[in-house]
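Here the structure comes first, spelled out in structure tokens, and everything after it is commentary.
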2 protein chains.
Amino acid sequence: MARPTLHQVAAAAGVSIASASRALSGGVASPRTIAKVRAAARELGYFPDATARALRTGAPRRITFAVDDIGNPNYVAMLRAIEAEVGHGGPSVSVTSTGSSDQAVELVRHAATAADGIIISPIRVNDRLRRAITNSPIPVVVIGSLGEDAPVDVVHVDSAKGIGTAVAHVAALGRRNLVFLNGPLDTNPGSSRERGFYRAIRTGGLDPDRCRQVLADDFTVSAARKTAAHLFAGWQRRRAVDRPDAVIAANDLMAIGAMNAATDAGLRIPDDVMFTGVDDTEIAAVYNPSLTSVSLEAAQRGRLAAQLLLERFEEPHRAPHLVSVEPRLVVRRSTTISTAEVLAS
Amino acid sequence: MARPTLHQVAAAAGVSIASASRALSGGVASPRTIAKVRAAARELGYFPDATARALRTGAPRRITFAVDDIGNPNYVAMLRAIEAEVGHGGPSVSVTSTGSSDQAVELVRHAATAADGIIISPIRVNDRLRRAITNSPIPVVVIGSLGEDAPVDVVHVDSAKGIGTAVAHVAALGRRNLVFLNGPLDTNPGSSRERGFYRAIRTGGLDPDRCRQVLADDFTVSAARKTAAHLFAGWQRRRAVDRPDAVIAANDLMAIGAMNAATDAGLRIPDDVMFTGVDDTEIAAVYNPSLTSVSLEAAQRGRLAAQLLLERFEEPHRAPHLVSVEPRLVVRRSTTISTAEVLAS
DNA sequence: TTGTACGCGTTATCAT
DNA sequence: ATGATAACGCGTACAA
């Protein structure tokens, strides 16, 4: 019942283990031996063990990329960049979706048996996870942030600042009634983006009474659509000062959910309401209307994380690095009033 | 310069390798030993080797998921399903983007050093790849097709049939001037979908002279948009019989590129032109207007492929399985004339 | 508490 | 062409 080994194949074929190895992996061997060994291997259902083979032949390193849900386009962009960075001859990269925080902790604890290094992008970080990461026997690179001065390599982006650029952008276009459509606040993205929104309101000289945050249950299209539907109910009947005229969403998916709700409510985009997202996913570029979005440079962060990890493999002693990338506003039609319309107004 | 081993750490700390192992992985050891060993490990820049540790502790199997580009949402859906299927205790799944066919061949050849099994979804398959797969020393599951009776496990979906359901759908809605917007024909998806289109024209009793295939350079939004722009140039000025009134795209991305081109040309969707895609990616559901799409059940195919591989691990002797899933048409607004409009016409 | 010695499954070297 | 044997780096039973 146990998995057959080369030993057993050799025994069954009546040859030495060395001959068996050669016969199967294309070394020198007589046709007769090859036939016998192949027959025995087939008979026993033998497949070579990747781990043992790797150990013997000097395998490339293995790195694990741990995220909450690999279905998220943002993480896909990172994965793609990581994979490109390590290249084909280099380490293999395996993916694991952690789901809950607890699973992330378990993962980090036990990953050392399965990987030489970890790149993790946690959405919720608590003390247990922080400890698991700093105590990890193998190098960990965090994409995101881990709190102050944790002694690990970190790739960081100031998403609060990113929200700020979006707020400033719509404010410069004359919008005053801003709604920040956020997800759960007990997450890293949720809390930092909330901070960014309120800070931008203050520094931008906007009226805090006309700007507010509303929360969706999740960072998804459907949750955002539901929440935004309430927001737009009876929009036309309200006084101008009570009408949201710009929605800053915490990510692209939520922005799209909100735009769908706006369309359902008969609102024109961007004339009645402008929309911005975060992440600059591919969908933002192709959506109709195309979506202004704050790029958090997911691909670049993935690439940098991979570089950091590879460098740590080479120089284990190096002091932990904190590398930052700048958010970048990509302006598209969801915040662009066409010249004709501007002239007409 | 070489990577330090536990031996060297033990030597540097002046203890046995066993004590070093225990000191580092939390076994019983005196505080003094622990301190010495940790110091030595830090000094040397020691990290445990994942492969060796895995071999010793009885590692889970490793499977490689090989696709042309993991950025493709379709492959992401498969990956996600595979990862969910094998679960957390099970095999680890690593991802590799092959890009060209040649790289796919190399991958399959050398993957045996790095994995216990392969799930591959090739977009172009030639004889070399076919041979590499059938000769692989470790089990391979193909998502797609490999030609007749190749002795490997295959998860298949009849995409030609899928195109047929889309053609029948728009035909039933009265459309007669169909355009099939396809990608390169020297690919598996390209050739099989072309077949499906022409077959559906024949069996559906449509006039072949009013239906045609146009080719984009690639299966992407931008390529499709460019090609479709030509298609719609001067649409309004043409005779009705010369106006395309339905575009069947080879995938969702291309459908969206084409819809963008249609919008640019001032056409109304679906009234002037209907659109259908293939793959039923998330973007189809949230696009504006939402996109009718032929689901090829990517997630289910991923899940089935993982099952097939796991089963082969357990029963190496089993005859190769060919499991098929049925395409499924998901109707959305891009092919739905609202009741009001129907009454008005 | 510490050290010795063996084995995980495979490939490579060296004789024969 | 084939077989015995030594590694690859690590964990652990056993003995001290």
**Fill in**
Separation of D/dA1 atom C1' from A/I34 atom CD1, nearest Å, is 11 Å
**Message:** On the nucleotide C/dT2, are OP1 or OP2 found under 4.0 Å from the side-chain N or O atoms that B/S16 carries?
**Reply:** no
**Minimum-distance nucleotide (side-chain atoms of A/V28 versus C/dG9, C/dT2, D/dT2)** = D/dT2
**Message:** Tell me whether B/D69 is salt-bridged to A/R80, with the criterion being a basic N under 4.0 Å from an acidic carboxylate O.
**Reply:** yes
**Heavy atoms from other residues, nucleotides or ligands near CZ of A/R38 exceed 12 (cutoff 6.0 Å)** = no
**Request:** Measure the distance from NZ on B/K36 to C1' on C/dT1 and round it to the nearest whole Å.
**Result:** 12 Å
**Request:** Kindly indicate whether a cation-pi arrangement holds for A/R61 with A/F313, taking the cut-offs as under 6.0 Å to the six-membered ring centre and within 45° of the axis.
**Result:** yes
**Prompt:** In whole angstroms, how far is the P atom of D/dG9 from the CZ atom of A/R61?
**Reply:** 12 Å
**Item:** Length of the CG-P vector between B/L55 and C/dT10, whole Å
**Value:** 9 Å
**Asked** What nucleic acid atoms does B/T33 come within less than 4.0 Å of, heavy atoms only: base, sugar-phosphate, or nothing?
**Response** sugar-phosphate
**Prompt:** Which pair of non-hydrogen atoms, one from B/L24 and one from B/Y46, has the smallest distance, and what is that distance?
**Reply:** CD1-CE2, 3.6 Å
**NZ/NE/NH1/NH2 to OD/OE distance under 4.0 Å, B/R62 and A/D49** = no
Quick test: give all pairs of protein nitrogen or oxygen and nucleotides 11-15 of chain C nitrogen or oxygen below 3.5 Å, distance rounded to 0.1 Å.
unit_1	atom_1	unit_2	atom_2	d
C/dT11	OP1	A/R53	NE	2.8
C/dT11	OP1	A/R53	NH2	3.0
C/dT11	OP2	A/S21	OG	2.9
C/dT11	O2	A/R56	NE	2.5
C/dT11	O2	A/R56	NH2	2.7
C/dA12	O4'	A/R56	NH2	3.1

**Prompt:** Under the 3.5 angstrom rule, does the side chain of A/D68 hit a backbone N or O of A/T98 as a donor-acceptor pair?
**Reply:** no
**Item:** B/T5 or A/S30, whichever maps to the more 5' nucleotide of DNA chain D
**Value:** A/S30
